[in-house]
Each structure stands twice: as structure tokens, then as C-alpha cells.
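The next block holds one structure in the form of C-alpha cells; read it before the comments.
Order of listing sets the numbers, starting from 1, for every ligand and every atom in it.
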Amino acid sequence: KRATKAHDYTKYNNWATINDWVVSISSANADLISRQVIGNTYEGRPMHLLKIGKKTGSAKPAVFMDCGFHAREWITHAFCQWFINEAVSTYGSDPEMTNLLDRMDFLVLPVFNIDGYEYTWTKDRMWRKTRSKNSGSSCIGTDPNRNFDAGWCTTGASSNPCSETYCGSSIESEIESKNLANFIRSNKSIIKAYLTVHSYSQLLLFPYSYKYGLAADHSELLSVSQGAIAALRSLHGTRYTSGPGAVTIYPAAGGSDDWAYDLGVKYSYTFELRDEGRYGFLLPESQIKPTCEETMLAVKYIASYVLNN
Ligand code: ING
Ligand code: ZN
């Protein structure tokens with residue numbers, strides 16, 4: 001990719017393009033963005049994490065957000081790119097974003113499952129899992145959202161490596177899960193919210209998914225989710241439903257949001273972006289802009305709430 005060609009946030013970008021962009025947007029916005037690698041994927045690709053916020057010299061609370069857990073959920077990768085660009089380009093003009101970046105940091109992992117994402121561009125557009133080898137099976141990959149320490153492999157997950165919801169050979173068997181979990185464990189004193197972005201179904205989910213019991217913070221998580229989806233809907237009228245994962249979508253153990261919540265990150269949410277199934281994972285590029293614009297409002301709502309509570 002030529003350095004002179006602007007990054008296109010309204011198109012789906014492959015990993016090579018995203019990787020170049022991560023480096024260039026970070027160096028072009030050195031006052032607001034710092035970049036680190038939290039580890040490499042199974043196939044050796046660097047998992048870049050961007051910290052976006054005004055550098056103050058003192059410790060700030062943070063909102064962690066990842067995209068691209070599941071390879072085929074392309075709108076999510078597009079959203080993390082949109083979010084980072086929107087944050088740096090509205091700092092100083094949008095009072096809400098300015099206040100957020102002055103007083104907190106966003107820790108954004110734009111692509112979690114890089115190997116799977118690359119595979120969706122080159123071999124199989126509908127791939128979901130990681131690309132790790134499974135011993136004793138010719139089937140490839142683990143579902144990373146069944147691989148965390150939250151009722152691991154007890155419900156809504158499979159111990160068959162050929163399943164789309166294979167929970168892996170053990171908790172955090174996937175290097176990508178381990179890298180993410182290690183980062184959050186090491187930084188849990190500053191991480192106030194954990195947002196993980198999936199698609200599709202237009203839902204805003206919160207714990208629990210691995211059991212039917214309600215989270216200790218259920219009523220607060222519910223009311224914040226309702227505020228967030230009302231903000232989202234205000235832009236283009238897109239209707240979301242919010243609620244605990246187990247009852248709102250399906251029971252599923254080993255998800256990263258449940259794990260983060262039980263670790264102590266109270267505001268833990270899973271987004272399921274557009275649409276409701278007409279296009280599903282194959283959401284047309286014409287919907288990237290409206291989807292990202294409306295999702296920005298929900299993320300800013302949650303971040304502002306977290307900052308003030
Ligand atoms: N949905 C999520 C999945 O991993 C989910 C739903 C959220 C499960 C939180 C468990 C915990 O199945 C998609 N679209 O991947
Ligand atoms: Zn998903």
C-alpha cells in the first residue's frame with residue numbers, strides 16, 4: 001500500500017492494509033496514540049494494541065475494546081478502525097470525546113483473531129475460529145469466545161475440534177486468548193470496562209452467558225445497556241435489544257466478557273453489530289459508515305458513564 005493513499009474506513013481492509021495503517025496512524029498521532037504488541041498470533045502475526053488518550057503523565061482509568069474475535073465478522077474490524085480514527089479526529093472539537101480522551105484511555109485491539117481474518121480473505125470467507133492445529137484431529141481451530149475461564153466448556157460449547165464452537169484443549173489454549181487475558185490481568189487496576197465487538201444480531205449483551213444466574217451488578221449493567229442502545233438508535237433508528245447473554249442470545253460458556261466480569265471488570269459488554277440476518281456476516285460496505293456512526297454513540301455513552309461512576 002502506498003503511503004500517499006488515504007486509508008479507506010468505508011471499505012473492508014485486509015490484514016496487510018490494517019497492519020500498515022496501525023503503524024501509520026499511531027506515528028501520525030503521537031500525542032494521542034501509543035502502540036504496543038501484546039504478543040504474536042499462532043501463525044506469528046503481531047497483536048497490536050493502541051492506547052488512545054491525551055498523555056498526562058498520571059495514571060488514567062481505561063476502557064478496553066477488542067474487535068475481530070471471530071474471523072468472518074468483518075464489520076467489527078471495520079468498527080475498531082473507525083473508532084480509532086474518529087477518536088483522534090474529533091479530539092478538540094467534540095466536547096464529549098475531548099473530555100473522554102483527556103480523562104481516560106481507550107485500549108483498542110483492532111484485530112484479535114488475525115490468522116482467522118487473513119484466512120477469510122484468502123481461503124474461506126465464513127471462517128470463524130483461530131487457525132491452530134488440534135492434536136489427534138485434522139480439523140483446525142478453536143472458538144476463541146469459548147476459550148476463556150468462565151464455566152469453560154460446560155454449555156453452548158463443544159469438545160469436538162471439528163465444531164465451530166470448539167472450546168479448545170484447555171482454558172486459554174489459544175495464544176491469542178492467553179495474550180489478551182495476560183494483558184487484562186496485568187492491567188486490571190486501570191481497566192474499568194471491557195467491550196468486545198461481534199456481529200451480527202443487533203444486541204448488547206452482558207454477563208452472564210455461561211449461567212442463567214444474574215450478575216451481582218445486573219440492574220446497573222442493564223440500565224447502562226439501555227442508555228447505550230437508546231443513544232445508538234437516535235442516529236439512524238437501528239433497534240437493538242440488550243440483556244444477559246444466556247437469556248438474550250443463548251447459553252455459552254468460555255466467553256471473554258463473562259471472564260472479564262468475574263475478574264472484576266464491572267462494565268463488561270459484548271456488542272453484536274448489524275444486521276439482523278438479511279446479509280449477516282456479509283454486511284455490504286455501504287453499511288459500514290452508518291453502522292460505525294451509530295455504534296460510536298453507544299461506546300461513547302458507556303465510556304462517559306464509566307468515567308462518571
Ligand atoms: N456471538 C457470540 C458467540 O461467541 C456470545 C455470543 C457472547 C457468546 C458472549 C458468549 C459470550 O457465540 C457471536 N456472533 O459470535
Ligand atoms: Zn462473534
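Connection of Leu221 to Leu214 is not established within any shared hydrophobic cluster, with ILVMFWY side chains joined at heavy-atom distances below 4.5 Å, either directly or through further cluster members.
No cation-pi contact links Arg131 to Tyr42, judged by a cut-off of 6.0 Å to the six-membered ring centre and 45° from its axis.
Under a 4.0 Å criterion applied to the non-hydrogen atoms of Arg146, ligand 1 contributes the atoms 3 (C), 4 (O), 8 (C), 12 (O). Which parts of ligand 1 touch Glu73 is read off a 4.0 Å heavy-atom cut-off, strictly below it: atoms 13 (C), 14 (N), 15 (O). Counting atoms of ligand 1 from 1 in the listed order, those under 4.0 Å from a heavy atom of Ala252 are 8 (C), 10 (C). Remark: ligand 1 atoms within the under-4.0 Å shell around heavy atoms of Tyr250 are 1 (N), 2 (C), 3 (C), 6 (C), 12 (O).
Salt-bridge check for Glu43 with Lys133: failed, with every basic side-chain N at 4.0 Å or more from each acidic carboxylate O.
Looking at ligand 1, you won't find any N or O of Tyr200 less than 3.5 Å from one of its N or O atoms.
The ND1 atom of His70 and the ND1 atom of His198 subtend an angle of 100° at the Zn ion (ligand 2), given to the nearest 10 degrees.
For a distance bound of 2.8 Å, the N, O or S atoms of Glu73 include one lying that close to the Zn ion (ligand 2).
With a 4.0 Å cut-off on non-hydrogen atoms, Asp257 touches ligand 1 through its side chain and not its backbone. Neither the backbone nor the side chain of Phe69 has any atom closer than 4.0 Å to an atom of ligand 1 (non-hydrogen atoms only).
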